[in-house]
Structure formats: structure tokens, C-alpha cells
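Take a look at the structure set out below.
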Amino acid sequence: MKILKKLKFSAFMLLVTSLYLGCVKDDGFSTPKVDCVEIDITSTNTIAQIKDMYTFGGATKIETDVIIEGYVVSNDKSGNIYKSLSIQDKPENPTAAIKIAIDQSDIYTTYNVGRKVYVKLKGLAVGYSFGSIQIGKAAATELGRIPALEVKNHIIRSCEVVEITPKVVTINELNENMLEMLIQIDNVQFKTSELGNAYGNIKNSTTENRILESFNSNCNLTGEVLLRNSGYSDFKNQLLPEGKGSVIAIFSNYYEDFQLYIRGVEDVKFTEARCDYSQVVTPNSSILEITEMYNNSLVEFGVENNYVVEGYVVSSDESGNFKNRLIIQDAIENPAAGIQLLIDKDLIFEEYNRGDKVFVILNKLYMNKMDEVLTIGYPKGSGIAKIETSKVGSFIFNSGENFTITPTKISIAEVKNSEFKNTLVTVTDVQLTSSELGKAFAFFTGDNDGIRTLESCNEPIKLGVFTSGEATFANEKFPEGSGNITGVLSSNLEIRQLEDVVFADAYKECPIIIPKIMITEVADPKNSVSSRFVELYNAGETEIDLSGWRLNKYVNGATTASSSSVVFSGIIIPVGGFIIVANTGFVDMFSITPNIESTYISGNGDDVYELVDNSGNRIDIFGVIGEDGNGTNWEYLDGQAIRNLDINEPNKIFTISEWKCYSDANNNLITNPNTPKNAPNGFSPNLR
């Protein structure tokens, strides 16, 4: 009896096992095929309409029966795409696409590529996340993922599965309207500096960006874009292919940065030989020749001149200085010229590091001075703006070669020499001025930018050292010894890292130089308001560097200076020399070019002028702050005020006895009432 029961049980288990194995295919366990029954559902809106309706910040919860349809283009099977589903409105030539944030993995097993889906938006939310419009679940004012248990209630599978044809575009054509579409970019290859790397970080699970470059049929570089690879993808350890070809990817972004996500390595099809752009991008102009094109107005490089220059990177934003700026010079030592480029890019050093040899194509770019520094970028009025992130690679190309840059050694007396601007220099034998001792590079607290002043004993010229408030060393104490400092020279010196300051010697007690810079003439010509000017005179025994000094104006009895005061930079006033600060009509009236031209010089007979040094200390003044000059003993309406010749010292307190005033006003308090002055004959700029 027991034997019979055992036989029956064995036969039963054999039957079960046979049935079970009959459902197993060679490629693994699968769900048996079941005929699909199409559901009765209709979309109410297009993806584009939804994106147009919800363009506000945060998350907007949808309370109405809104339904959209689309085709799945993403695939998270490889692990490179995480907890999201990208759908577009058509299998081919789509016009809109959108990402859906889902708190679920292995989404591809339910929503496979090409599957048509309907999305019921009622109860969900639409809003911005990391710079793009997405669908998700409202979490307070933020946009979160749709919980796994709710996904099938909102994302409904259709029976329709189609082949998706990627939208073929160039890197330069990429724009926000294409976000989350499946795109194809042809004629691309990985940047030379990327070769030898894997797709991801083989040491840990951090996400890595790899740079793709695009080319035209002549192997001319046309642009670059980031390929973003998850540290959890199953292909992260595979080496990047070295050829050239096409990439199919989901087009995405992280705020302003465009980036691509491949669904697997099969989306990268490199079957052609690489382009060697170091042979294609051949310099035909030098940086010096380019800088010599500047003639005090905006330079447009055009589109057909095909200017190409090569240079060597001397800046670095690794420590927080040089934000959005790249400075290159024309040689690794003894350069003849350098130039600054504005680029809308963070962590520039990761792509363009110190010593890298780069090529710059100037077509479609512009050049002008910005803060007295020749700068290249996009135009903004008469000024220069940053080259946008996605376009940087279309203009600046890294050769993959790196060199050691030898700074040019100069003294502080040479820092005003234009040939050293935008180049790497080492300024020798300098130290902080006594008033700067004990200060930080910027400030000990806060994140404001700072400028510290350096000197060399017995030299009148001072050197400002600029530090961004975002620099990692901004709150560090500036060394108090004396020695050398290395940095990029512009209107100030800017260091790349803390180690650029080598003050190994003891601090020196320099003889004190007391500047004797005076206001000697204030002019308001009756016949030309645009010819108003203020004259400064050096009555001392040493020339004075006025860098950082200001000329402030107080209007109509104001107790605070008008904004945008005149700031002196790079101006040295010799012993017995003059500085003219004038309005825009001065040169036509007097046939003299002023040292500074500014509409700030608009005093109309009752306004105060104050001269302050680079530490904010008042040096001299004309007029009484807080007093309207009309009807006073210092009124100069339609006339002028002239300093008496026997006065050879500036005065921090306005003293009327030091002045003669001429005015059209009938005012007996002034020395010369009813005496209007017409330019040019009634005035004497640059003469006492």
C-alpha cells in the first residue's frame, strides 16, 4: 500500500514538473502570450498642450480628467535611466515629448520601447524639475515620483507597439523643445581626452559625463554635448569606442546643460575612422593679431573670415576664481598676448585645465573691453556676454596636449604694461600695504568679492589682487610677509590657488608716501553742459597710482554720493601732472582728450565733488556735503571754481578762501558774481 502511494505521488510530481517546464522558454521565464484587448480610452490633450498649460514653477496638481497619449522611447533595462519614463507624441518626427517620474524600477518590463500609452493626469501634477517640465506626483510645492502602486492607475498600456524612428538632429540644433525625445546625432566621436576611459566610473557608483564632439563632412568640428552615464548602469565598465559614427539617445537636460542618456551600448554605433581635428583646426591668426584689431569699439569677427587662433590655458576655476572665464596666452613662456573668453560653464578646469593647448574658432564671436580687459564672447549691446553652455564646444577645442606654463617675471612697476595683460606673470618683491595687514583674501565672513592692495617699497604703483567671494580661500588670511605672487594680470591680478602666493621673506617697513592730489578746477560752461569737467593736480613729490580712487558727486544738497561714481583704474598722475575727468562733449570743445570721459560729470553750479583714495579716505573736496550750492559762497553756476595758486595741499574740509568762484548768478556771497564763462576760452584745463 505504501509503495502504491509513493508511485502515485511520484507520478503526480512528474506531471507537475512537465507542465511547469513546458511553460519555460530557452531565454528565461516569460509571461505566456495572451491576446491583447484594446481598451476604450481617448486622449483629451496633446503633450505639447500640457507643457504649454503648465509652465509655472513647482508642481501644479491636475484636478480634471485630462488624458494624453504617447509612445515610450526610454528603456531602463541597462540601469542608465532611473525611475523615469520618456514618451513622445509620434513614433517618427515627434513634435513634443515629456518625462514621467515613477517610483519604480524595471519599468521596461511593462512599458517597453514603442508601446503606445495613455496617461491619466487627474491626481498627478506637472511642473519643473531640474529645469524641465515633467509629470509626477505633487509633494507640497515640489514635484515627486508617482508611487509604484499608483502607476497602473495612471499609465495605461495600449495594444499598439510600433518601431520608433529617432529624430535625426545636429548638436547645434538641440533645443528645449526636443527634451525627452529619442534623437540620433551622426558624425560624432568621443573627445580625444576621453579615450581610454570607461563609460562610467569603474571605482565607484558616481555618475560620469563623457564629451561627444560632432563634425561635418569635412571633419570640421561643429559642436559638443555631454553623454551622461550612471554609475549603476550595467555597461559602466566598458571602454568608450574610439571610432566615429552615430549615437541614439534620450535628449535631456540638467537646468541649462544639455545631455544625452543612451539606453544601452547598442545605441552607440561607431563604425568609421575618427576625425583628427588637430589637423583640421589650423591656426591662421595669432592672439596678438586679434587683439590689435581692437580700436576702442566692438569687434565683430563675422562668419566668413574664419579666424582660428591657438593658445595655452593659464586660468583655472578649480579653487573658485575665474568663474565663467577662460584666459589663454599665445606661448608657454614669454607670451606676446593673451585674451579672455566668457563662457557659461561651471568647472571649466575639468575640460580646459592649466597648460592645455586649445584652438579657438572666432567666427560668430565678438570682442570688446570688459572692466578694461579685452574679452571675447557673445554680443550684448556694446558689451560682451557669455557663450552659452551648449555652444562652448563649437568655439573652443582642446588639443589633448598639456604643457608647463612658465610665468613671466615682472616688477610691480611693469604691471601697467599692456603687453602683460591677460597673461600669467609672477610679480616679484611685493607685500600688502600696511592698511591691508590682517585681512582675508576677500572677507572673513560673507561671500563678497575682495581686492587687496600690494606694494613694493619706493614704488608709487600699487597692485590690486582680486579674489572671488566664492573662492575656496576667500576667507583665508592673506600672507603678511613679502615675496612673489603669480597670477593672471588684468586691471588687477587674479591668482588660481593659494599656492600662487609665496611670501617667504619678512615684511618690510616702507617709507610713507603722502599723496597730494588736489581738485584744482570745477567747470560748468554756460554754452556747453556736455563740456563740464573736473581737473586734478599732483602737488606732491612722487607720482601716484590712482587705481581704486574715486571721484564722488553729491547733487542738490544730498548727503550720499550719487551712484556710479568715477573709478580710476590704471591711471598714474606724475609730479606736477594733471588728470581731466570730463563729460562727453569736452573733446570737441577743447580739442583735448580727457583722461576719463563720463556723463557722471554733470555738476551744474550747486553740486559737490569729493576725491577719495582706494581705502575710501577723503583726500580733497569742493563744496559742502548736505548743502545745495545755490545762493552760497561756492556757487559756480554757468561758470567755474579755480583753486588759488598758493594752495599746494589737498584739504579734507572745504575752505572757500582757497577758491575763486565765477558764476552767472547774481550772488554777492561769491567772489565773482554775474561772470558767466563760455568754453573754451574762459577755461584752462591742464594749467594752473
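Quick caveat: nothing in here was measured; it's all calculated off a predicted structure.
Within the 3.5 Å criterion, the main-chain N or O of Ile98 finds no donor-acceptor partner in the side chain of Gln88. The main-chain N or O of Ala337 is found under 3.5 Å from a side-chain atom of Asp330 such that the two form a donor-acceptor pair. When atom types are taken as modelled, the side chain of Glu494 and the backbone of Phe322 share a donor-acceptor pair closer than 3.5 angstrom. In this structure, the side chain of Asp76 engages the main chain of Asp106 through a donor-acceptor pair within 3.5 Å.
Atom CG of Leu347 is surrounded by more than 12 heavy atoms from other residues, nucleotides or ligands within 6.0 Å. Annotation: Lys269, atom NZ; neighbour count of heavy atoms from other residues, nucleotides and ligands within 6.0 Å does not exceed 12.
Residues satisfying the side-chain contact (heavy atoms from CB on, under 4.5 Å) criterion with Phe130, sequence neighbours excluded, are Tyr254, Tyr255. The side-chain contact (heavy atoms from CB on, under 4.5 Å) check on Lys369 picks up Tyr294, Leu374, with sequence neighbours excluded. Asp103 is linked by a side-chain hydrogen bond (donor to acceptor under 3.5 Å, both in side chains) to Lys83, counting only residues two or more places apart in sequence or in another chain. In this structure, Tyr82 has no ring-ring contact (aromatic ring centres under 6.0 Å, His included) partners at least two apart in sequence or on a different chain. In terms of the ring-ring contact (aromatic ring centres under 6.0 Å, His included) criterion, residue partners of Phe270 (sequence neighbours excluded) are, by chain and number, Phe190. For Phe473, the ring-ring contact (aromatic ring centres under 6.0 Å, His included) partners are Phe441, not counting sequence neighbours.
Glu194 and Thr192 share no donor-acceptor pair across their side chains, judged by distance under 3.5 Å alone. Using modelled atom types and a 3.5 Å distance limit, the side chains of Ser158 and Glu38 yield a donor-acceptor pair. Remark: the Thr95 side chain and the Asp89 side chain contain an N/O donor-acceptor pair separated by less than 3.5 Å. When only modelled atom types and interatomic distance are considered, Ser490 and Asp371 share no side-chain donor-acceptor pair under 3.5 Å. Between the side chains of Glu208 and Asn201, at least one donor-acceptor pair of N or O atoms lies under 3.5 Å. Between the side chains of Asn172 and Thr170, not a single donor N or O lies within less than 3.5 Å of an accepting N or O.
Separation of the Phe258 and Phe251 ring centroids falls under the 6.0 Å cut-off. The ring of Phe403 has its center closer than 6.0 angstrom to the ring center of Tyr312.
Note: Lys191 NZ to Leu227 CG = 14.0 Å, rounded to the nearest 0.5 Å.
Taking 4.5 Å as the limit, every side-chain heavy atom of Tyr199 sits out of range of all side-chain heavy atoms of Ser233.
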